[in-house]
Structures are given as structure tokens and as C-alpha cells.
Protein chains: 2
Amino acid sequence: MHQNIRQMLELTYSEENYLKAIFHLSEEGKKSVSTNDISAEMKTRPASVSDMLRKLGEKEVIEYRKYYGVHITEEGKKLALQTIRKHRLWEVFLVEKLNFSWDEVHEVADELEHIKSKILIQRLDEYLGFPKFDPHGDPIPDEYGDVRSRPRLPLSELEINATGQIVAVKDSSAAFLRYLDKVGAYIGARIKVMDKVEFDGSIEILVDNKKSIFMSKEVVNNILIMQ
Amino acid sequence: MHQNIRQMLELTYSEENYLKAIFHLSEEGKKSVSTNDISAEMKTRPASVSDMLRKLGEKEVIEYRKYYGVHITEEGKKLALQTIRKHRLWEVFLVEKLNFSWDEVHEVADELEHIKSKILIQRLDEYLGFPKFDPHGDPIPDEYGDVRSRPRLPLSELEINATGQIVAVKDSSAAFLRYLDKVGAYIGARIKVMDKVEFDGSIEILVDNKKSIFMSKEVVNNILIMQ
DNA sequence: TACATACATTAGGTATGACTAAAATATGAT
DNA sequence: ATCATATTTTAGTCATACCTAATGTATGTA
């Protein structure tokens, strides 16, 4: 079932980063991912992206048709999910064990995710108690790349008086996460929608049945809820 | 006192590895370290070493006189000790928290030691309880590069009936460490010399006042004792 | 349909870090 | 003091991963 018959192919540090970016961009509903999109995401020039796409195409982790963008292959998805698994496990470690705040973990996890040892990740997973979600509420793929994601919807779609629990954030930039910390919102917080302002899309919510906070449309769109 | 006035210079992954190797080779009492020594240690060709020495010389972490080997500078020592600090802290983590055996940690720590985040290492250190020695008994430099090493001598120099405690091993190859595990020797074990065989240099020791084991000259030379 | 413009690729260059082969230097033995 | 040998360095190559500048392709608008 889950065994790899052929040798898992090795990607360089850089190839791994590109593949992860392509995977994330693919997730956003787009059929194919453009060179410019990847260039923006990776902060490299489009010419560099073209180079890399050729290489990733040859390794068959993406399907690459010149001038028409790329599709990630099944093999590519598997590899990207392994990297994402490592990244999110390290994030859990940094927050749970080393007391990093959730806006500090990205950069460090971006380095740690490239450590190759398989046994390291297995034991880290075990040590952390096989967590299913990272500190931002994103699901952690298992060692076969399977993801159990929770059904979730943007906070903006909740009606007045509806309740739910914050399970994830879309934008996990340090600035946004620091804002959430400041107002007292966190992954797992139980919330209730008290009021919705049609005019500007802002809402008022009650956190953990005690604290009332106002959130702008921009913030509301970036918070995901499980009901 | 310990503040760095000028910007700490950045070394690449590879430069860091060479510098660490040069530091270790310097420790072995030699005045200067030869290109061939480094080549053997790093498993690269002498020509590649010459290239690297030029670069490290330009960055002033070593003093490089063509054809006469290299000396590590004070700046170089500082940087090497930072890498060694990271390596040994990660080894403690792997053994204490993730249940790695002490012969499995080297490779993984060799990757982890290059993660750059300073705050990561500070918090890891704290999380581990500011350990002073790694699982092989080697001292962990503090964040200023200071090392508190214990006075220690080779097991071979103990007289009959002398007692001591195993504090470190010289050779930390996986094969040697597995052998020690098998016979029940470990860092911290209290030992007593029961007999010394002049003929072949082997000895008989009592471990923790209960288990008697025989060790060949080769093994005895690789074990360090604190009395 | 033609073409301007946005987008993507190729060509050629740079730095790192490895290699082989050839040349230069040091050193020990006679 | 000379010379053979061992050691080290230089010269030239290759692969990765980036860059700029030039060129090629697709697409929507007139």
C-alpha cells in the first residue's frame, strides 16, 4: 500500500523549497502555477524559476510545459508533503518545548525542515505525542503524506450568534500572528459572533465567553473556524 | 568583556565544516595543520583543501602560509567553538529527549549544527538544563566559547586498585560506542582497576562494583577517566 | 488579423565547492 | 649539495543556483 518500490529520489535544499512553494500555490485552487507566481513566492527572478522548473520537470516531480505553467505530480506531492510534515513538526517542537511564540517559528522551521534523517522525524513525532496540527492549526501529514484536515470555514461566513472554535489562520505572517496574540485570539479559542457590520465587513466576537473584540474584514478573512 | 564589537562574520556550511576540522586537528598538539591532514579528515582532495584554505585565510579565521600548513586564529577558534557548542547541545537533545543511542547521534548532529538561529540554541540550552558535557563526555562550550573541561587521563594510566569514573571517550566511532554499550561501560560509570596484564596491555576492571570486564589495550587507550 | 504588452525562456555571467591533471615547492636520504 | 619523493598549489572543468539582458511566446484589444 504505502511502500515505495523505487528509490525515493533526492532533492537539493533549493529544489525542496521550490517544490514546497509550487505545492502551496497549487492548493489555492489554481489549475496550473505560473512562473511569475513562483518567482514572487520564492523571491527569485523569473529566469531562475525557469531554470529550476526544467530541473524539477526532469526529475518528474512536476509536469512542465513551457509557457503554460506547471502541475505538481503525485510523486511531487508526496515529497512536498514530507517537507511540510517536517516543517510543522519542528514548529510544534519550537512552540511546545522551547517556548517560541507562534510568530517566531517560521524562519527556524524553514531551516530545520531540510534535515534529512528519517529516524529523527519519527522520534520527534513520537516525542511530541504524534500531534495532528501545528501551532497555526494547519494539519500535519503522516509519514505517508496523508492529511486529516478538519472541516473549516472562514470566520467571515459565520452568522450572528453562531459559535465555533478558531482552528487555523490563513495568513501566518509574524505581523498578523502578533496582532492575534495582542487581542487575545489563539488556536483553540471558542468564539461567538455578537455582531456583524454590513458596511465595512467588520465583526464583534466574544472570546471564551468573556472577552469581546472587534475585528476588521481583513482580519476576519484570515481566521478559520471549526463549528 | 564578551561583546563582539565588529559584526560576527558569516561562514558557509562548508567553511564551517572545514574550520571545525582544523580546530579539532589543532587540538591534537600539532603546531600547524597540513593540507593532507585536512584532506583526510574532510574526505575531499588536497586541491579542494588548498582552495578552501585560501578563502578561510582571506576571512582571517586561519593564518595560511602556502606550503607550510595553517594555524587557527582567535577569531577562528571562537567560530569553531560555536559550531562545536551547537553540535554537542544537539547530541544531548537527541540522546536525552529523543532516545537516540550515543552511536547514532553524530551524523544527525552534523546537520543540525549548521542551523543559524542564535535564539534557538539559547532556548535549547535552557530546555536541556544547561548541560556541561555531551553524551560522549566532551565539554560543551558556553555561548562565549569558554570550556570547562574536567581533568582527565587515559584509563591505561591507572594503577591496579585505582578507582575512577568514565568521563569521555577519545574515539567516538559508532563501532566503538556499540562495543562499550555491549560490555556495559558508559559515561559516568564508576570503575576500579582489578588487574593489568603487562604482556598485551589489557586490563580487567570492575564496573559499578558489580560487573567485571576485560578490555584490550586498544579499548583502554580510548577511554578517559576522572579520578 | 495585427500588434502591443505582459509573461516566459534562453544566453551568458558570477560565486561556491567539488574534481583531475599538471606544475611548483619542500624535505629527507645519499 | 643534489635529487627523488612526497606534499601542496595552480589551472582548468563541472554542477548548483542565482543574476541581467536579450529574445521568444501568448493573449487581449483595436
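Between B:Thr35 and D:dT9 there is a side-chain N or O to OP1 or OP2 distance below 4.0 Å. For C:dT16, neither phosphate oxygen OP1 nor OP2 lies less than 4.0 angstrom from any side-chain nitrogen or oxygen of B:Ser14. Between A:Asn36 and C:dA8 there is a side-chain polar atom (N or O) within less than 4.0 angstrom of OP1 or OP2. Residue A:Thr12 places at least one side-chain N or O closer than 4.0 Å to OP1 or OP2 of D:dA17. OP1 or OP2 of D:dT8 has not a single side-chain nitrogen or oxygen of B:Tyr64 nearer than 4.0 Å. For the pair A:Tyr67 and D:dG24, the criterion of a side-chain N or O lying under 4.0 Å from OP1 or OP2 is not met. When the side-chain nitrogen and oxygen atoms of B:Ser34 are compared with OP1 and OP2 of D:dT7, none of them lie within a distance under 4.0 Å. Distances shown here put every side-chain N or O of A:Ser48 at or beyond 4.0 Å from the OP1 or OP2 atom of D:dC18. For D:dT16, the OP1/OP2 oxygens have no side-chain nitrogen or oxygen of B:Tyr13 closer than 4.0 Å.
Per the geometry, NZ belonging to B:Lys66 stands 13 Å off C1' belonging to D:dA11, to the nearest Å. As a whole-Å value, the separation of A:Tyr68 OH from D:dA26 C1' is 6 Å. Taking atom CD on A:Glu58 and atom P on D:dA17, their separation rounds to 13 Å, with Å as the unit. Counting to the nearest Å, the P atom of C:dT16 and the CE atom of B:Met52 are 10 Å from each other. In this structure, A:Asp51 places its CG atom 15 Å from C1' of C:dA15, rounding to the nearest Å. Whole-Å rounding puts the A:Leu53 CG to C:dT10 C1' distance at 14 Å. Spacing between atom CG of A:Leu56 and atom C1' of C:dA8 amounts to 16 Å, rounded to whole angstrom units. At whole-Å resolution of the value, CZ in B:Arg45 and P in D:dT10 are 18 Å apart.
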Which side-chain N or O atoms in residues 38-57 of chain B pair as donor and acceptor under 3.5 Å with protein atoms at least two apart or in another chain?
residue: B:Ser39; atom: OG; partner: B:Thr44; partner atom: O; Å: 2.7
residue: B:Thr44; atom: OG1; partner: B:Tyr18; partner atom: OH; Å: 3.0
residue: B:Arg54; atom: NH1; partner: B:Glu58; partner atom: OE2; Å: 3.4

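Rounding to the nearest 0.5 angstrom, the gap separating the CZ atom in B:Phe130 from the CD1 atom in B:Ile140 is 12.0 Å.
Two rings, from B:Phe93 and A:Phe93, have their centers less than 6.0 Å apart.
A:Thr44 comes within 4.0 angstrom of sugar-phosphate atoms only, judged by non-hydrogen atoms across all strands, and of no base.
Between the side chain of B:Glu15 and the backbone N or O of B:Thr12 there is at least one donor-acceptor pair closer than 3.5 Å.
The side-chain hydrogen bond (donor to acceptor under 3.5 Å, both in side chains) pairs that include a residue from residues 86-95 of chain A are A:His87-A:Glu91, A:His87-A:His106, A:His87-A:Asp110, A:His87-A:Glu113, A:Glu91-A:His106, A:Glu91-A:His136, where partners are two or more places apart or lie in different chains.
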